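Just so it is clear, the model here is predicted, and its values are computed rather than measured. Note: hydrogens, waters and symmetry copies are ignored here, and every other heavy atom, side chains too, is used. In the text below, chain A, chain B and the rest are named by the order of the sequence lines, each starting its count at 1.
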Amino acid sequence: MTDHHDMSFTERVRKLIATIPPGQVATYGQIATHAGNPRAARQVVRVLHSSTDKYHLPWHRVINSKGQIGLKPGQGYELQRAMLIDEGVTFDEAGRIDLKRYLWSP
DNA sequence: AACCTGACTTCGG
DNA sequence: TCCGAAGCCAGGT
């Protein structure tokens with residue numbers, strides 16, 4: 001049968017990330033869920049590492065389920081935060097993004 | 001074909 | 001609400 005998704009989990013993840021619009025964010029788990037496996041959130045991280053440059057993915061729009069940036073200070077945290085703020089996303093005092101407001105809904 | 005990795009998530013205290 | 005432990009998994013080695 002023609003499973004219209006004749007592509008790997010990784011490919012689906014790439015496509016999903018590519019569709020997150022500016023000013024919105026998606027969680028690793030959310031991407032994993034839509035890619036077919038709710039429990040493969042960690043795999044999304046791997047895809048980000050391996051495909052961001054090659055496919056020009058909007059990597060900065062992917063955050064964790066707590067609404068926070070996963071990267072550590074000095075490891076990309078500042079850049080991601082700046083890029084999101086530049087798109088209009090706001091952070092609270094604890095560095096959290098209001099998912100009710102900015103979470104992407106595919 | 002095991003073993004390792006990691007920008008995670010969930011759950012209990 | 002915060003923290004730690006445990007669970008999870010696709011792809012790379």
Side-chain angles (χ1 to χ4, degrees):
Chain A
M1 66 154 179
T2 56
D3 175 16
H4 62 298
H5 293 311
D6 180 20
M7 50 180 143
S8 68
F9 173 84
T10 294
E11 293 176 295
R12 293 195 295 277
V13 167
R14 282 199 296 253
K15 295 206 173 246
L16 283 167
I17 293 176
T19 65
I20 307 171
Q24 284 189 271
V25 297
T27 67
Y28 302 95
Q30 181 181 28
I31 295 296
T33 295
H34 287 289
N37 190 339
R39 300 185 224 167
R42 311 194 72 168
Q43 200 50 213
V44 174
V45 172
R46 183 178 292 292
V47 176
L48 246 24
H49 274 289
S50 63
S51 309
T52 291
D53 294 333
K54 188 174 180 183
Y55 298 88
H56 306 125
L57 302 179
W59 60 274
H60 60 292
R61 299 182 190 137
V62 186
I63 62 177
N64 65 35
S65 64
K66 291 176 291 192
Q68 303 174 300
I69 286 175
L71 291 168
K72 299 185 182 76
Q75 300 276 95
Y77 174 88
E78 295 84 353
L79 175 61
Q80 182 168 12
R81 181 183 167 107
M83 290 177 84
L84 286 174
I85 289 178
D86 193 57
E87 295 187 348
V89 176
T90 60
F91 291 76
D92 66 15
E93 311 70 31
R96 284 177 306 230
I97 292 171
D98 182 358
L99 294 180
K100 295 285 198 252
R101 186 175 172 187
Y102 301 103
L103 186 64
W104 170 61
S105 307

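Checking dG11(C), dT9(B), dA7(B) against every side-chain atom of Ser8(A), the shortest atom distance belongs to dG11(C). Distances were taken from every side-chain heavy atom of Val45(A) (C-beta onward) to each of dT9(B), dA7(B), dA10(C); the shortest belongs to dA7(B). Taking only side-chain atoms of Ser65(A), from C-beta outward, the nucleotide of dA7(B), dT10(B), dA10(C) with the closest atom is dT10(B). Among the nucleotides dT9(B), dA7(B), dA10(C), the one closest to any side-chain atom of Thr27(A) is dT9(B). Closest approach to the Thr10(A) side chain among dG6(B), dC8(C), dG11(C) is made by dG11(C) (side chain taken as heavy atoms from C-beta onward). Among the nucleotides dG6(B), dT9(B), dT5(B), the one closest to the side chain of Arg46(A) is dT5(B).
Using a 4.5 Å heavy-atom threshold, the side chains of Glu87(A) and Arg61(A) count as touching.
Remark: the Arg42(A) side chain and the dG7(C) base include a donor-acceptor N/O pair separated by less than 3.5 Å.
Summarising the geometry, the separation between CZ on Arg14(A) and C1' on dG11(C) is reported as 12 Å, rounded to the nearest angstrom. Summarising the geometry, the separation between CG on Leu48(A) and P on dG11(C) is reported as 15 Å, rounded to the nearest angstrom. In this structure, Asn64(A) places its CG atom 16 Å from P of dC11(B), rounding to the nearest Å. Atom pair Glu93(A):CD and dT1(C):C1' shows a separation of 15 Å (rounding to whole Å applied). What separates CD of Gln30(A) from P of dT10(B) is a distance of 12 Å, to the nearest Å. Atom pair His49(A):NE2 and dC4(B):P shows a separation of 19 Å (rounding to whole Å applied). Between Lys72(A) atom NZ and dC8(B) atom P there is a gap of 7 Å when expressed in whole angstrom units. In this structure, Phe9(A) places its CZ atom 8 Å from C1' of dA10(C), rounding to the nearest Å.
Side-chain N or O atoms of Asp53(A) include none that pairs as donor or acceptor with a backbone N or O of His56(A) at under 3.5 Å. Side chain of Ser51(A) to main chain of Lys54(A): no donor-acceptor pair is present (N/O by atom type, distance under 3.5 Å, no hydrogens or angles). Proximity of a side-chain donor or acceptor of Gln30(A) to a complementary backbone N or O of Trp104(A) within less than 3.5 Å is detected.
Within 6.0 Å of the CG atom in Asp92(A), the count of heavy atoms belonging to other residues, nucleotides or ligands exceeds 12.
The phosphate of dA10(C) (OP1 or OP2) has a side-chain N or O of Asn37(A) nearer than 4.0 angstrom. Considering only side-chain N and O atoms, Arg39(A) lies under 4.0 angstrom from the phosphate OP1 or OP2 of dC9(C).
Between Lys66(A) and Gln43(A), the residue anchored closer to the 5' end of DNA chain B is Gln43(A), taking for each the nucleotide with the nearest heavy atom.
Here Arg96(A) lies in heavy-atom contact (under 4.0 Å) with sugar-phosphate atoms only.
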